[in-house]
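Data block below; observations after.
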Amino acid sequence: MPEPTPTFAEEMLTKVEDLLRKSAGLKVVTWDGKTMQYDDLVAQREKWRREVAQEQGKRNRVLGVDLSGF
């Protein structure tokens, strides 16, 4: 049985994590022709992690809402 092809979110997460590994300690990183702050790249990693978790059914699309005050 062949390996399933990775989704776009999984591919992006892999790219971001590879770039973070390669550029540890830097403040500015160039990625796909764009210059980004290292902190922005960390935020991108979190975004893609959430997206992958959502695709795999490990994360709710909507967070719970506390309506106890109503």
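Note that this is a predicted model, so its numbers are computed, not measured.
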Distance, nearest 0.5 Å, that separates [atom1] of [X] from [atom2] of [Y]:
{"X": "Leu41", "Y": "Lys34", "atom1": "CG", "atom2": "NZ", "result": "11.0 Å"}
{"X": "Gln54", "Y": "Trp48", "atom1": "CD", "atom2": "CH2", "result": "11.5 Å"}
{"X": "Lys15", "Y": "Asp32", "atom1": "NZ", "atom2": "CG", "result": "5.5 Å"}

Is there side-chain contact between [X] and [Y], with heavy atoms separated by less than 4.5 Å?
{"X": "Asp18", "Y": "Arg21", "answer": "yes"}
{"X": "Lys22", "Y": "Glu17", "answer": "no"}
{"X": "Leu20", "Y": "Val42", "answer": "yes"}
{"X": "Glu51", "Y": "Glu46", "answer": "no"}

At their closest point, which heavy atom of Glu11 faces which heavy atom of Pro6, and how far apart are they?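 Glu11 and Pro6 have their closest heavy atoms at OE2-O, 3.7 Å.
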Residue from Gln44, Arg45, Lys47 passing side-chain contact (heavy atoms from CB on, under 4.5 Å) with Leu13: Arg45
Using only atom types and a distance under 3.5 Å, with no angle test, would you say the side chain of Thr7 pairs donor to acceptor with the backbone of Glu10? yes
